[in-house]
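Owing to the predicted nature of the structure, the values given are computational and were not obtained by experimental measurement. Chain naming here is simple, since letters A, B, ... match the order of the sequence lines and numbering starts at 1 in each.
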Number of protein chains: 2
Amino acid sequence: MLKGHLDAIVLAALETGPAHGYAIIETIKQRSAGTFDLPEGTVYPALHRLEQAGLLSSAWTTPPNGRRRRVYSLTKAGSSALGERRKAWGRFSQAVDTVLGGGRAWPA
Amino acid sequence: MLKGHLDAIVLAALETGPAHGYAIIETIKQRSAGTFDLPEGTVYPALHRLEQAGLLSSAWTTPPNGRRRRVYSLTKAGSSALGERRKAWGRFSQAVDTVLGGGRAWPA
DNA sequence: CCGTATACCTAGTTATGCTAGGTATGGAAG
DNA sequence: CTTCCATACCTAGCATAACTAGGTATACGG
């Protein structure tokens with residue numbers, strides 16, 4: 001479970017440029033060193049949600065010698081949403097660190 | 001939303017000693033500097049779940065000049081579960097940091 | 001030509017946290 | 001003394017999120 005941070009992760013995967021769903025899954029898997037091996041049933045609905053919310057835009061591409069692909073790009077709203085999500089993640093993870101540590105640092 | 005990390009947080013709040021539900025809520029609020037101000041409808045069911053799972057044990061106390069309180073303690077299983085949750089959190093937050101950073105560090 | 005990897009999709013299940021209520025008591029304020 | 005607030009517990013039902021488990025179709029290698 002990605003526990004509500006999936007959106008941020010997907011948006012971050014698109015920050016370096018447009019990509020299609022399957023590639024996004026690969027990017028996330030590689031960047032997380034295999035920790036986040038997301039099933040398609042998780043990612044595709046998320047992409048649709050994010051597009052619905054105006055954070056992504058999509059276009060079909062049909063390269064001459066390739067399969068049809070739906071390529072997603074960050075919209076301006078998506079970029080700024082990513083910024084907010086990052087901040088929210090920072091606050092959240094900081095707070096969890098503190099609470100889990102009982103107020104003091106704990107070894108990783 | 002605490003996104004699946006509520007159990008770890010509650011367990012951690014009980015690590016320093018037994019406490020009752022209301023006090024647990026206060027502890028979490030203080031430790032997180034107000035970030036996690038959990039509604040009772042979140043915490044009480046969680047406590048019941050954790051007891052059901054054998055990670056907590058509870059007993060009613062009725063102090064001479066106080067209200068009735070249900071005091072929860074970490075069981076041995078609860079302690080070890082907390083250890084695992086901490087490790088899981090470490091891995092998870094590390095992975096999210098990496099993915100959100102696009103492979104590089106990003107400023108807090 | 002057949003299997004595997006690529007590439008997309010969705011209906012339905014499950015879990016989880018929260019909303020919104022309810023009950024009851026102790027202590028402070030008026 | 002009575003009224004109100006903080007303490008203290010509880011649950012039913014809602015919303016959402018991610019996942020399971022299916023389905024479709026095409027390119028490419030053996």
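The line from CD of A:Gln94 to OG of B:Ser93 is 11.0 Å long, rounded to the nearest 0.5 Å. The line from CG of A:Leu38 to CD of A:Glu40 is 11.0 Å long, rounded to the nearest 0.5 Å. Note that CG of A:Leu14 is 4.0 Å distant from CD1 of A:Ile24, once rounded to the nearest 0.5 Å.
Listed pair B:His48 / D:dT11 meets the phosphate criterion, a side-chain N or O lying under 4.0 Å from OP1 or OP2. Under 4.0 angstrom from either OP1 or OP2 of C:dT6 there lies no side-chain N or O belonging to A:Arg67.
Summarising the geometry, the separation between CZ on B:Arg68 and P on D:dA6 is reported as 20 Å, rounded to the nearest angstrom. When the C1' atom of D:dT26 is taken as reference, atom CZ of A:Arg70 falls 18 Å away, rounded to whole Å. Distance A:Ile25 CD1 to C:dC8 P: 8 Å, rounded to the nearest Å. Summarising the geometry, the separation between CD on A:Glu26 and C1' on C:dT6 is reported as 10 Å, rounded to the nearest angstrom. Across the protein-nucleic acid pair, B:Asp37 atom CG and C:dT19 atom P stand 11 Å apart, rounded to whole Å. Atom OH of B:Tyr22 is separated from atom C1' of D:dC5 by 10 Å (rounded to the nearest Å). Here the C1' atom of nucleotide D:dA12 and the CD atom of B:Glu40 are 16 Å apart, to the nearest Å. Atom pair B:Phe36:CZ and C:dG17:P shows a separation of 11 Å (rounding to whole Å applied).
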What verdict does the side chain to side chain contact (heavy atoms under 4.5 Å, CB included) test give for B:Leu100 and A:Arg85, after you've listed the backbone C-alpha separation in whole Å, the side-chain angles of each residue and the deciding distance to 0.1 Å?
CA-CA 9 Å; B:Leu100 284 194; A:Arg85 303 287 189 141; over 6 Å; no
CA sep, side-chain torsions, deciding dist, call: A:Phe36, A:Arg31, side chain to side chain contact (heavy atoms under 4.5 Å, CB included)
CA-CA 9 Å; A:Phe36 300 142; A:Arg31 282 202 200 162; over 6 Å; no
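Minimum interatomic distance between B:Ser58 and B:Glu51 (heavy atoms only, all atoms of both residues): OG-OE2, 2.7 Å. The minimum heavy-atom distance linking B:Ser79 with B:Leu74 is given by the pair OG-CD1, 3.8 Å.
DNA chain D lies under 4.0 Å from no heavy atom of any residue of residues 52-60 of chain A.
When the nucleotides C:dT10, C:dT6, D:dC9 are ranked by their closest atom to the side chain of A:Tyr44, C:dT10 comes out on top.
No donor-acceptor contact under 3.5 angstrom links the side chains of B:Ser80 and B:Glu84, judged on distance only.
By the 6.0 Å and 45° rule, A:Lys3 does not stack over the aromatic ring of A:Phe92.
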Which nucleotides of nucleotides 13-19 of chain D have their base under 4.0 Å from a protein heavy atom (B), which only their sugar-phosphate (S), and which neither (-), written as one string 5' to 3'?
----SSB
